[in-house]
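Encoded as structure tokens, the structure appears first; notes follow it.
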Amino acid sequence: MNPASEGAAEAGTLYIVPTPIGNLSDLSPRALRVLDSVDVVAAEDTRTTGAMLTHFGIRARLTALHEHNESQVVGSLLARLAEAQSVALVSDAGTPLISDPGFRLVDAVRSAGHPVVALPGPCAAVAALSAAGLPSDAFSFFGFPPPKAGARRDWLQAHVHWPHTMVMYESSHRIQGLAADLAPAFGASRQVALAREISKRFEQHWRGEAAALPSWLAEDDNRQRGEFVVMVAAGAPPDPEEAIDRLLRPLLEDLEPSRAARVVASALGERRNTVYRRAMALAGDAPPTAKE
């Protein structure tokens, strides 16, 4: 059994400590022991973490580690570990590194040969997915989609045929834009689930067709507040002919059908004669009867 599971933090060890995403009761007894016994807590926001630790009566040495200073802070934390000090990494809420800072630190600590211990605990993506009623045997987590409308629509369109349940985060000031883009990208009937304010007083879950989500959000201003997890059911596999056409059309603007067909057949692993006949059809010519 890992000694840290029963007692204080071990010397020279980095601990990844999930913190509550709403309900303070979700901080585990093991997390409390580690936070109370490490030499330093690296926090995304020292004020947020300081208030949480004060609530639990923990007086810890805090240092800031966030997306803007992580590269600069890694060296000093490695030095602490080399001196047999213990370090805990926390984010503002939830599990560190899940759409939060920490990757550079963990990578550097492992590369330096120091142990890294990850504690299980709160994670909005996992909590939302477990209650969504969408397939969870395979899923993909994408963090936040692109913030700008045009880039977001292109990104969604590129994932139309994604083979697993998609899980993403979104903020209150962009949730309506994301909701409005789902049906045009994925189709009106694609199943979508939404969770907001997980483990907080006004926690709410919704599931339905993509086309219905914008109106559901608009029915009550409160539904547009808080932090969101949006999940989209897996897409159907692409139609082979659709994939062929998508690649052929731009090539046919500059290439002869035979050459365009060779390029696409090679890219997709399709039979050249099959692609050539499709190229001829798109070009407006009848396919030849003999093989090219």
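This is a predicted model, so every value here is computed, not measured.
With values rounded to the nearest 0.5 angstrom, S71 atom OG is found 4.5 Å from R104 atom CZ. The CD atom of E70 lies 9.0 Å from the CZ atom of F103; values are rounded to the nearest 0.5 Å. Within the model, atoms CD of Q72 and NE2 of H68 stand 11.0 Å from one another, a figure rounded to the nearest 0.5 Å. With rounding to the nearest 0.5 Å, the separation of CD1 in I21 from SG in C123 is 7.5 Å. Rounding to the nearest 0.5 Å places OG of S37 at 9.0 Å from CD1 of I58. Between the CE atom of M168 and the OG atom of S140 there is a distance of 10.0 Å, given to the nearest 0.5 Å.
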Show your reasoning for whether side-chain contact (heavy atoms from CB on, under 4.5 Å) applies to V109 and V87. CA-CA 11 Å; V109 170; V87 177; over 6 Å; no

Could you please spell out the steps behind the side-chain contact (heavy atoms from CB on, under 4.5 Å) verdict for H114 and T13? CA-CA 6 Å; H114 301 296; T13 301; over 6 Å; no

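A side-chain contact (heavy atoms from CB on, under 4.5 Å) with R80 is found for exactly one of V38, V40, T63, namely V40.
For A31 against V17, the heavy-atom pair with the smallest separation is CB-CG1, 3.7 Å. A60 approaches V41 most closely through the heavy-atom pair CB-CG2, 3.9 Å. Closest of all the heavy-atom pairs between R278 and D245 is NE-OD1, 2.7 Å. Between G102 and L89, the shortest heavy-atom distance links the atoms CA-CD2, 3.9 Å. Residues T95 and P18 share a closest heavy-atom pair of OG1-CB, 3.7 Å. Among all heavy-atom pairs drawn from V229 and A124, the shortest one is CG2-O, 3.8 Å.
H66 is not listed as a side-chain neighbour of S91, based on a closest heavy-atom distance of 4.5 Å or more. Side-chain atoms of L24 and P20, non-hydrogen and from C-beta on, do get closer than 4.5 Å to each other. Two residues are said to be in side-chain contact when any heavy atoms from C-beta on lie closer than 4.5 Å; L119 and I16 fail this criterion. Within the 4.5 Å cutoff, the side chain of M166 has no heavy atoms near those of the F139 side chain. Residues T165 and S136 are not in side-chain contact: their nearest non-hydrogen atoms beyond the backbone lie 4.5 Å or more apart. By the 4.5 Å heavy-atom criterion applied to side chains, V117 and L14 are not counted as neighbours. L35 is listed as a side-chain neighbour of V90, based on a closest heavy-atom distance under 4.5 Å. In this structure, S171 and F228 have side chains that are not in contact, with every pair of non-hydrogen atoms separated by 4.5 Å or more.
At a threshold of 4.0 Å, the pair R61-D39 does not count as salt-bridged, since none of the basic side-chain nitrogens sits closer than that to a carboxylate oxygen.
Of the possible donor and acceptor atoms, one in the side chain of Y15 sits under 3.5 Å from a partner among the backbone N and O of E10. Listed for the S266 side chain is no donor-acceptor partner under 3.5 Å among the backbone atoms of R262.
F142 and Y169 have their aromatic ring centers separated by at least 6.0 angstrom.
Atom CZ of F56 has more than 12 neighbouring heavy atoms from other residues, nucleotides or ligands inside a 6.0 Å radius. Applying the 6.0 Å contact sphere to NZ of K200 captures more than 12 heavy atoms from other residues, nucleotides or ligands.
Classified by interplanar angle (parallel below 30°, tilted 30° to 60°, perpendicular above 60°), the ring pair H159/W155 is tilted.
Hydrophobic clustering, with ILVMFWY side chains joined whenever heavy atoms are under 4.5 angstrom apart, groups V116 together with L78. Put simply, W162 and L134 are part of two different groups of oily side chains (I, L, V, M, F, W, Y) that touch within less than 4.5 Å, one to the next. The same ILVMFWY cluster, assembled from side-chain heavy atoms under 4.5 Å apart, contains both W216 and V230. Residues L65 and L62 do not share a hydrophobic cluster, clusters being chains of Ile/Leu/Val/Met/Phe/Trp/Tyr side chains in contact below 4.5 Å. V34 and L81 fall into different hydrophobic clusters, defined by Ile, Leu, Val, Met, Phe, Trp and Tyr side-chain heavy atoms under 4.5 Å apart, directly or through other members.
Partners of E242 according to the side-chain contact (heavy atoms from CB on, under 4.5 Å) rule, which considers only residues two or more places apart in sequence or in another chain, are H161, D239, R246. With sequence neighbours left out, the side-chain contact (heavy atoms from CB on, under 4.5 Å) criterion links L268 to A243, I244, L247, V264, E270. Listed by chain and residue number, nothing satisfies the side-chain hydrogen bond (donor to acceptor under 3.5 Å, both in side chains) test with E241 (two or more places apart in sequence, or in another chain).
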For residues 43-55, which side-chain donor-acceptor pairs fall under 3.5 Å, sequence neighbours excluded?
unit_1, atom_1, unit_2, atom_2, d
E44, OE1, D92, N, 3.0
D45, OD1, R47, N, 2.9
D45, OD1, R47, NE, 3.4
D45, OD1, T48, N, 3.3
D45, OD2, R47, NH2, 3.4
T49, OG1, D45, O, 3.4
T54, OG1, G50, O, 2.8

Identify all side-chain donor-acceptor contacts of residues 174-196 below 3.5 Å with residues at least two apart in sequence or on another chain.
unit_1, atom_1, unit_2, atom_2, d
R174, NE, E170, OE1, 3.2
Q176, NE2, Q224, OE1, 3.2
D181, OD1, R153, NE, 3.0
D181, OD2, R152, NE, 2.8
D181, OD2, R152, NH2, 3.0
R190, NH1, A233, O, 3.0
R190, NH2, V160, O, 2.8
R196, NE, R225, O, 3.0
R196, NH1, F202, O, 3.3
R196, NH1, Q204, OE1, 2.9
R196, NH2, N222, O, 2.7
R196, NH2, R225, O, 3.0

With a 3.5 Å cut-off and sequence neighbours excluded, list the donor-acceptor pairs that the side chains of residues 205-215 form with protein atoms.
unit_1, atom_1, unit_2, atom_2, d
H205, NE2, E203, OE2, 2.7
R207, NH1, G133, O, 2.8
S215, OG, A212, O, 3.0

